[in-house]
Protein chains: 2
Amino acid sequence: MARNPLTREEVLEAAASLVRRHGPAALTMRGLAADLGTAVTSIYWHVGNRESLLDALVERTVQEMGAVRPVGRTPAARILSVARILRRELRGRPHLIAMVHERGLTERMFLPAQQALVHEVHAAGLRGARAADAVRAIQFQIVGFLLVERNRERSPAQSPAEGDLWDPATAPDDPALARALSRPADPERLFLLSVRALTEALLARPGD
Amino acid sequence: MARNPLTREEVLEAAASLVRRHGPAALTMRGLAADLGTAVTSIYWHVGNRESLLDALVERTVQEMGAVRPVGRTPAARILSVARILRRELRGRPHLIAMVHERGLTERMFLPAQQALVHEVHAAGLRGARAADAVRAIQFQIVGFLLVERNRERSPAQSPAEGDLWDPATAPDDPALARALSRPADPERLFLLSVRALTEALLARPGD
DNA sequence: ACCTGAACACCGTTCAAGT
DNA sequence: ACCTGAACACCGTTCAAGT
């Protein structure tokens, strides 16, 4: 029955794996103890309580999102690459990202990306308060889009579906638009299109 | 001890009030029963169980978000007014909106707004797939921004704070930018600025 | 320093019984 | 048709006791 002494790291690892696979609701202290083959109360010795266990998982996730390396020739292209990188990272950890969001740490998670954006906006020639606005607008745009997209994926069958509302009868004067809106959106395309449009408007804007 | 017979509507009202004030975690079946002065089990007769009670609250919220009346002279102005209206509505029900989001119904909640956006984009001269893209990009932008903003508000003291990262030592070549980023963002200003910039880029873009 | 089982207060839910 | 209390299985957490 002897087993290596339990470590905090083991607890976190098992908990993270549980959350990754089945979401935070599936993480019960008793279930986790069963997974680890220890008494429930041992876990408390290592991580305090459930709340601080979740905090630790969130903290881990925030750290993991730290690396952002923009690529591309122009500032606009490099900004777009930041968007692309963030999208990929986010989509790999849906439950953990949701937990970061619930805890109000979404912004902190994106600070490294913000630094990258500052650099690019600066390279594009923006300065001062105008540069700050551009950085924040793009940051909000990227993060916001990804939150909406995640929601859409997890979403149950929608009723009424977008399609039901946009059949030709509702918009008789533009069947192509009705058709486009009744098809599911391609999120990646829409994402890149949106970031590109916003970036263009923000970088092009001259001083007033 | 006689009291009017409990109704489903009463249960929903009491539950909604509880959630509005203290969030969904504060809604326990036993606590709700105590508020209503009935046995816990009566509630089950009226609403099934906790899950479907929450579903009903969410459904209510989605319905309440139905009315959108754009105002303004130009399509761009009217789109901005839609954004403004949505922002106000959302901010009045933070907990309920979070629940809508958790249930993956954010999109459905915004269908009326989508219809309004279609109308405006159409008035601005966009047609077909291009119009559909513009509508969706703006919709994602608005919804996403509001989700991020809500997160920021609920957020605990951030460490490191934005300010810590953007002190003059970090960005020595643009003190005005460092200063701007170390001040808290003004969300309303940033929101309107972002929507305006994106709308401008999307409406101005000619066919290719 | 680390682990354990027993116990506590709290959940949501079911059910048989009442009127 | 509507309400009730008792009971069940499940939580997170504490604590005194072990090694």
Side-chain angles (χ1 to χ4, degrees), chain A residues 1-61 95-96 98-100 102-104 156, chain B residues 1-61 95-96 98-100 102-104 156:
Chain A
M1 247 6 105
R3 114 203 254 304
N4 291 349
L6 191 63
T7 65
R8 180 183 159 87
E9 210 45 46
E10 267 182 289
V11 175
L12 292 185
E13 196 50 47
S17 146
L18 235 163
V19 168
R20 229 181 243 264
R21 282 173 299 147
H22 304 113
L27 175 62
T28 69
M29 301 302 268
R30 286 172 155 88
L32 184 56
D35 281 6
L36 288 164
T38 51
V40 206
T41 40
S42 301
I43 298 176
Y44 282 85
W45 198 91
H46 287 285
V47 300
N49 56 23
R50 184 172 187 273
E51 200 55 22
S52 55
L53 169 55
L54 292 179
D55 285 345
L57 294 185
V58 162
E59 189 53 39
R60 248 187 178 208
T61 306
H95 291 302
L96 286 165
M99 283 167 57
V100 172
E102 277 156 29
R103 279 167 159 60
Chain B
M1 244 11 101
R3 113 204 254 304
N4 291 349
L6 192 62
T7 65
R8 179 183 160 88
E9 211 46 45
E10 269 182 288
V11 175
L12 292 185
E13 196 50 46
S17 146
L18 235 163
V19 168
R20 231 182 243 264
R21 281 173 298 149
H22 304 113
L27 175 62
T28 69
M29 300 304 266
R30 286 172 156 87
L32 183 57
D35 281 5
L36 289 164
T38 51
V40 206
T41 40
S42 301
I43 298 177
Y44 282 83
W45 198 91
H46 286 285
V47 299
N49 56 25
R50 184 172 188 274
E51 200 56 22
S52 53
L53 169 55
L54 292 178
D55 285 346
L57 294 185
V58 163
E59 188 54 38
R60 249 190 177 204
T61 307
H95 291 303
L96 286 165
M99 283 167 57
V100 171
E102 276 156 29
R103 281 168 157 61

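Everything quoted here is computed from the prediction, not taken from an experiment. Labels below follow one simple rule: chain letters A, B, ... track the order of the sequence lines, proteins then strands, and each chain is numbered from 1.
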TODO: May I ask you to say what B/Leu27 touches in the nucleic acid, namely base, sugar-phosphate or nothing, with a heavy-atom cut-off under 4.0 Å?
DONE: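 Since only primed, P, OP1 and OP2 atoms lie under 4.0 Å of B/Leu27, the category is sugar-phosphate.
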Task: Sugar-phosphate only, base, or nothing, as touched by B/Thr28 at under 4.0 Å among non-hydrogen atoms - done: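 Sugar-phosphate contact only.
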Any idea which of [options] is nearest the [X] side chain?
X: A/Leu6; options: C/dC3, D/dT13, D/dC3; answer: C/dC3
X: A/Met29; options: C/dC3, D/dT13, C/dT14; answer: D/dT13
X: B/Tyr44; options: C/dT14, D/dC3, C/dA1; answer: C/dT14

Open item on the list: Nearest heavy atom decides the nucleotide; on that basis, is A/Gly31 or A/Gly48 closer to the 5' end of DNA chain D?
Closed with: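 Looking at DNA chain D, the more 5' nearest nucleotide goes with A/Gly31.
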Task: Of B/Ile43 and A/Arg50, the one whose closest DNA chain D nucleotide lies more 5' - done: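 Its nearest nucleotide being more 5', the pick is B/Ile43.
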Task: Check: D/dG5 base within 3.5 Å donor-acceptor of B/Thr41 side chain - done: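 Per atom types, the contact qualifies.
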Whole Å only: how far is the [atom1] atom of [X] from the [atom2] atom of [N]?
X: B/Glu10; N: D/dC2; atom1: CD; atom2: P; answer: 12 Å
X: A/Leu53; N: D/dG12; atom1: CG; atom2: P; answer: 10 Å
X: B/Leu32; N: C/dG12; atom1: CG; atom2: C1'; answer: 13 Å

Task: Pairing partner of D/dC8 (Watson-Crick or G-U wobble, both distances under 3.5 Å) - done: C/dG12
Task: Opposite nucleotide pairing with C/dC2, Watson-Crick or G-U, both atom distances under 3.5 Å - done: D/dG18
Open item on the list: If you apply the rule side chain to side chain contact (heavy atoms under 4.5 Å, CB included), what do you find for A/Met99 with A/Thr61, and how did you get there?
Closed with: CA-CA 9 Å; A/Met99 283 167 57; A/Thr61 306; over 6 Å; no
Open item on the list: Within the structure provided, determine whether B/Leu32 and B/Val40 are in side-chain contact (heavy-atom separation under 4.5 Å).
Closed with: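 B/Leu32 does not reach B/Val40 side chain to side chain.
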- [ ] Report yes if some heavy atom in the side chain of B/Arg8 is under 4.5 Å from a heavy atom in the side chain of B/Val11; otherwise report no.
- [x] no
Open item on the list: Give me the atom names and distance for the closest heavy-atom approach of A/Gly31 to A/Thr28.
Closed with: N-OG1, 2.9 Å
Open item on the list: Treating A/Arg60 as the side-chain partner and A/Ala56 as the backbone partner, does any N or O pair qualify as donor plus acceptor under 3.5 Å?
Closed with: no
Task: Given DNA chain C, 5'-ward residue of the pair A/Ala39 and A/Arg30, judged by closest heavy atom - done: A/Ala39
Open item on the list: Is the phosphate of D/dA1 approached by B/His46 (side-chain N or O, under 4.0 Å from OP1 or OP2)?
Closed with: no
